[in-house]
Amino acid sequence: MEQTGSVKVPDGKLVTVTATYEDTIESVTITGDFFLEPPEARERLERVIEGRPTDVSKQELVDAIETVDAELIGFSAAHLAEAVREAIDR
């Protein structure tokens with residue numbers, strides 16, 4: 001199954017996650033109008049989310065996201081985790 005979840009951050013930024021999943025999150029694509037430093041960190045963020053069970057908690061996602069050496073500009077690890085949960089909860 002493939003679903004999309006989005007979170008609009010208070011300052012107007014948008015974080016969108018498209019997730020393919022069954023019992024586990026098979027693939028994730030992160031898009032939106034935010035910035036990352038370094039820009040190639042997006043792929044590392046996607047990889048730390050993939051492979052997790054679909055019942056993963058928001059806090060477990062935040063913890064995993066925070067292991068990636070990246071500066072999230074215009075959103076937080078919690079916003080990204082929320083978008084993931086929205087995508088897989090549909």
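Values below: every heavy atom of this structure, side chains too, minus hydrogens, waters and symmetry copies. Note that the coordinates shown come from a computational prediction; the quantities given were computed from them, not determined experimentally.
By the 4.5 Å heavy-atom criterion applied to side chains, K13 and K8 are not counted as neighbours. Put simply, the side chain of P53 does not reach to within 4.5 Å of the side chain of E60, judged on heavy atoms.
Note: L14 CG to F34 CZ = 9.0 Å, rounded to the nearest 0.5 Å. Going from atom CG of L80 over to atom CZ of R42 covers 11.5 Å, rounded to the nearest 0.5 Å. Atoms CD1 and CZ, from I25 and R52 in turn, are 8.0 Å apart once rounded to the nearest 0.5 Å. E37 contributes atom CD, which lies 11.0 Å from atom CG of L72 (distance to the nearest 0.5 angstrom). Between the CD atom in E82 and the CG atom in D89 there is a gap of 10.5 Å [rounded to 0.5 Å]. The line from CD of Q3 to CD of E86 is 10.0 Å long, rounded to the nearest 0.5 Å.
Under the side chain to side chain contact (heavy atoms under 4.5 Å, CB included) test applied with L36, the options I73, V68, L45 reduce to a single match, L45.
Closest of all the heavy-atom pairs between A78 and V62 is CA-CG2, 3.7 Å. Of all non-hydrogen atoms in P38 and D69, the two that sit nearest each other are CD-O, 4.0 Å. Among all heavy-atom pairs drawn from A41 and A70, the shortest one is CB-CB, 3.4 Å. Between V17 and A83, the shortest heavy-atom contact is CG2-CB, 3.7 Å.
Under the 4.5 Å side-chain heavy-atom criterion for ILVMFWY residues, a single connected hydrophobic cluster contains both V84 and I65. Linking Ile, Leu, Val, Met, Phe, Trp and Tyr residues whenever their side-chain heavy atoms come within less than 4.5 Å places M1 and V56 in a single cluster. Transitive grouping of hydrophobic side chains (ILVMFWY, heavy atoms separated by less than 4.5 Å) brings V15 and I88 into a common cluster.
Between the side chain of E43 and the backbone N or O of E40, no donor-acceptor pair lies under 3.5 Å. Formation of a donor-acceptor pair under 3.5 Å by the R85 side chain with backbone atoms of L61 is not found in this model. Side-chain atoms of E46 come within 3.5 Å of backbone atoms of I30 as a donor-acceptor pair (strictly under, hydrogens ignored).
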CA sep, side-chain torsions, deciding dist, call: Y21, E2, side-chain contact (heavy atoms from CB on, under 4.5 Å): CA-CA 6 Å; Y21 61 93; E2 182 177 284; over 6 Å; no
side-chain contact (heavy atoms from CB on, under 4.5 Å) assessment of V28 paired with T18: CA-CA 6 Å; V28 169; T18 300; over 6 Å; no
Intermediate values then yes/no, side-chain contact (heavy atoms from CB on, under 4.5 Å), T4 and T16: CA-CA 7 Å; T4 300; T16 301; 3.3 Å; yes
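Counting only N and O atoms by type, the side chains of T20 and E26 include no donor and acceptor under 3.5 Å apart.
At a threshold of 4.0 Å, the pair R47-E50 counts as salt-bridged, since one of the basic side-chain nitrogens sits closer than that to a carboxylate oxygen.
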